[in-house]
Trainee: 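Below you will find the structure I want to go over with you.
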Number of protein chains: 2
Amino acid sequence: MATKQHELAVQIRQRIENGEFSDTNRLPTEDQLIEQYGVSRYCVRGAVAILAEAGEVFPVRGSGVFVRERRSGNYMPMSAANGFTFDFAKHKVTSTIQELALVRADAQLAKRMKCDEDAQVWRVVRLRTVDDLPISFETAWYLKEFVPMLNESIAKGSLYAYLRDDLGLSFGFTDRVIRMGWLDSLSARLLHLHEGDPAICIEDDAFLANGRLFNASHSLYHYNNAQFYSVASMR
Amino acid sequence: MATKQHELAVQIRQRIENGEFSDTNRLPTEDQLIEQYGVSRYCVRGAVAILAEAGEVFPVRGSGVFVRERRSGNYMPMSAANGFTFDFAKHKVTSTIQELALVRADAQLAKRMKCDEDAQVWRVVRLRTVDDLPISFETAWYLKEFVPMLNESIAKGSLYAYLRDDLGLSFGFTDRVIRMGWLDSLSARLLHLHEGDPAICIEDDAFLANGRLFNASHSLYHYNNAQFYSVASMR
DNA sequence: GAGTGGTCTAGACCACATT
DNA sequence: ATGTGGTCTAGACCACTCA
């Protein structure tokens, strides 16, 4: 569902990319945006907050909202979790499926996913590439309770888009843990690295808007090809 | 500056920790909190958002605001950047100073910190431990323009608290990049690891509320003792 | 002093969960 | 049908920047 704030953020972003503010590097004032779009200050501030969280602008009290320089390298956003395909919409994303099977949760997975032991779970193992570089080796589990059907065609594309648009699931939040991991022989071969090499490891637990966990995953990232970006608030 | 929202978040957190809601695992409704504290809905929702961002509660439309289980391990928050000492207020934090010197920026640092070459910069190298475990080897730079004085006594404690409370600086946001790094002989020795070992590397660029960069840093984290946590929105 | 973003209030309507 | 959180509006006052 697109709110007014999100739509406004998209429009402002468009104007930034068109270079409309490149002379002063400042957005119009809040009052001007209210005027231009016929919306309330709440919406304008919400849209600016979306852009600020993405590191595209920063507001300074008393001065205005400044457009930030675009970061040069390729970074993956740390604070978003809308799926690989969405988060890297501007890049060429591919997924090579290593495994797609309906399995029963073992004790460990059942504990993590807060489901019954022997509950049915889709297990999906994929190699992900961005702009033709191998980025990550991902193992993901989806509770069949929420995802009745899954196949290779879906898993090759945007699995999250399928869940949202076709199954009607609405997402809430994702718990994310970042730590060091180590490659086994399969992940090393696929990432063009060596067994035992280090990898940045991200464990995600993804919840629906109603607070139910529906997806857990474990991703090992290529130590040269992947780096992450986030902007942290200091208030 | 403590806003009403932050004060309210602290009070609600206190009640959670006292176990007041442990029967239903739900906070009072927004209307009840408005009633209990005599504040507006804006404040109540702001306070809940603060707790939700920290992973302590999650709101479900139509149902209420649920208290989450406390995470078991020790994680460092990824989305906060208020300094080590603050972010781990509940832990025993120590900093061993390896170097504290007033130096001139070289070309590389000047570019990163957007200052003149030869600008004066405090260079602070510290080993940080949490609960007596070596956690990270940190190299930080502070522009003398904003930090006229610095000494070992300050750097051993909470440098950020000094900047905020004594120098009156007000912080804005921090750009953060996470990637893989590798230990040199000094950092390896201090972290009780080996030269060439991998480390999670975090590069921070910290900005004041007026958008001026005042601090850059480079931290190498112990691959066993450090892990990070964040909760990502999926809207 | 004029103009900017930050916090706060009061009130309306909407989307969703539960009874 | 009721109650919950989510979005949106209008308006006030405050903190800060800059001429």
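All chains are named by letter (A, B, ...) in the order of the sequence lines, taking the proteins before the strands, and each is independently numbered beginning at 1.
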Trainee: Mind checking ring pair (Phe, Tyr, Trp, His ring centres under 6.0 Å) for B:Tyr42 and listing every partner two or more places apart, or none if nothing turns up?
Mentor: none
Trainee: Can you list everything that forms a salt bridge (charged side-chain N to carboxylate O under 4.0 Å, His left out) with B:Glu17? Sequence neighbours excluded, please.
Mentor: B:Lys90
Trainee: 5'-most contact on DNA chain D: A:Ser40 or A:Phe66, nearest heavy atom basis?
Mentor: A:Ser40
Trainee: Please give, in whole Å, the distance from C:dT4 P to A:Phe58 CZ?
Mentor: 17 Å
Trainee: According to salt bridge (charged side-chain N to carboxylate O under 4.0 Å, His left out), who are the partners of B:Asp204, at least two apart in sequence or on a separate chain?
Mentor: B:Arg176
Trainee: Rounded to whole Å, please give me the gap between CG in A:Leu51 and P in C:dG5.
Mentor: 14 Å
Trainee: Scan the side chains in residues 148-158 of chain A for donor-acceptor partners under 3.5 Å anywhere in the protein, sequence neighbours excluded, and list what turns up.
Mentor:
{"residue": "A:Asn151", "atom": "OD1", "partner": "A:Ser153", "partner atom": "N", "Å": "3.1"}
{"residue": "A:Asn151", "atom": "OD1", "partner": "A:Ile154", "partner atom": "N", "Å": "2.9"}
{"residue": "A:Ser158", "atom": "OG", "partner": "A:Ala161", "partner atom": "N", "Å": "3.2"}

Trainee: Going through the checks in order, is the side-chain contact (heavy atoms from CB on, under 4.5 Å) test met by A:Tyr160 and A:Leu169?
Mentor: CA-CA 9 Å; A:Tyr160 265 36; A:Leu169 299 182; over 6 Å; no
Trainee: At a heavy-atom distance below 4.0 Å, what parts of residues 27-39 of chain A sit against DNA chain C?
Mentor: A:Thr29, A:Glu30
Trainee: With B:Ala209, which residues qualify under side chain to side chain contact (heavy atoms under 4.5 Å, CB included), at least two apart?
Mentor: B:Ser170
Trainee: So for the helix from C:dG1-D:dC18 to C:dT18-D:dA1, with five pairs setting each end axis, what is the inter-axis angle to 10°?
Mentor: 10°
Trainee: Using the side chain to side chain contact (heavy atoms under 4.5 Å, CB included) criterion, which residues pair with B:Ser233? Sequence neighbours excluded.
Mentor: B:Arg235
Trainee: Whole Å only: how far is the CZ atom of A:Arg26 from the P atom of C:dG3?
Mentor: 13 Å
Trainee: Taking salt bridge (charged side-chain N to carboxylate O under 4.0 Å, His left out) as the definition, give me every residue that meets it alongside B:Glu117, ordered by chain and number, with sequence neighbours left out.
Mentor: none
Trainee: Is there any protein nitrogen or oxygen under 3.5 Å from a nitrogen or oxygen in nucleotides 16-19 of chain C, and what are the pairs?
Mentor:
{"residue": "C:dA17", "atom": "O3'", "partner": "B:Ser63", "partner atom": "OG", "Å": "3.0"}

Trainee: If you check the A:Thr3 side chain, which of C:dT9, D:dC8, C:dG6 turns out closest?
Mentor: D:dC8
Trainee: Take atom CZ of A:Arg41 and atom C1' of C:dA10, then tell me their distance rounded to the nearest Å.
Mentor: 16 Å
Trainee: A:Tyr142: what forms a ring pair (Phe, Tyr, Trp, His ring centres under 6.0 Å) with it, not counting sequence neighbours?
Mentor: none
Trainee: Return the nearest nucleotide to the side chain of A:Lys4; candidates are D:dT9, C:dG6, C:dC8.
Mentor: D:dT9
Trainee: Quickly work out the B:Tyr42 OH to D:dA12 P distance and round it to whole Å.
Mentor: 17 Å
Trainee: Give a yes/no answer on whether the side chain of B:Gln5 brings an N or O atom under 4.0 Å of OP1 or OP2 in C:dT7.
Mentor: no
Trainee: Report yes if a donor N or O on one partner sits less than 3.5 Å from an acceptor N or O on the other, where the partners are the side chain of B:Arg45 and the base of D:dT7; otherwise report no.
Mentor: no
Trainee: Using the salt bridge (charged side-chain N to carboxylate O under 4.0 Å, His left out) criterion, which residues pair with B:Glu53? Sequence neighbours excluded.
Mentor: none
Trainee: On the six-membered ring of A:Phe173, is B:Arg68 placed so that its NZ or CZ lies under 6.0 angstrom from the centre and within 45° of the ring axis?
Mentor: no
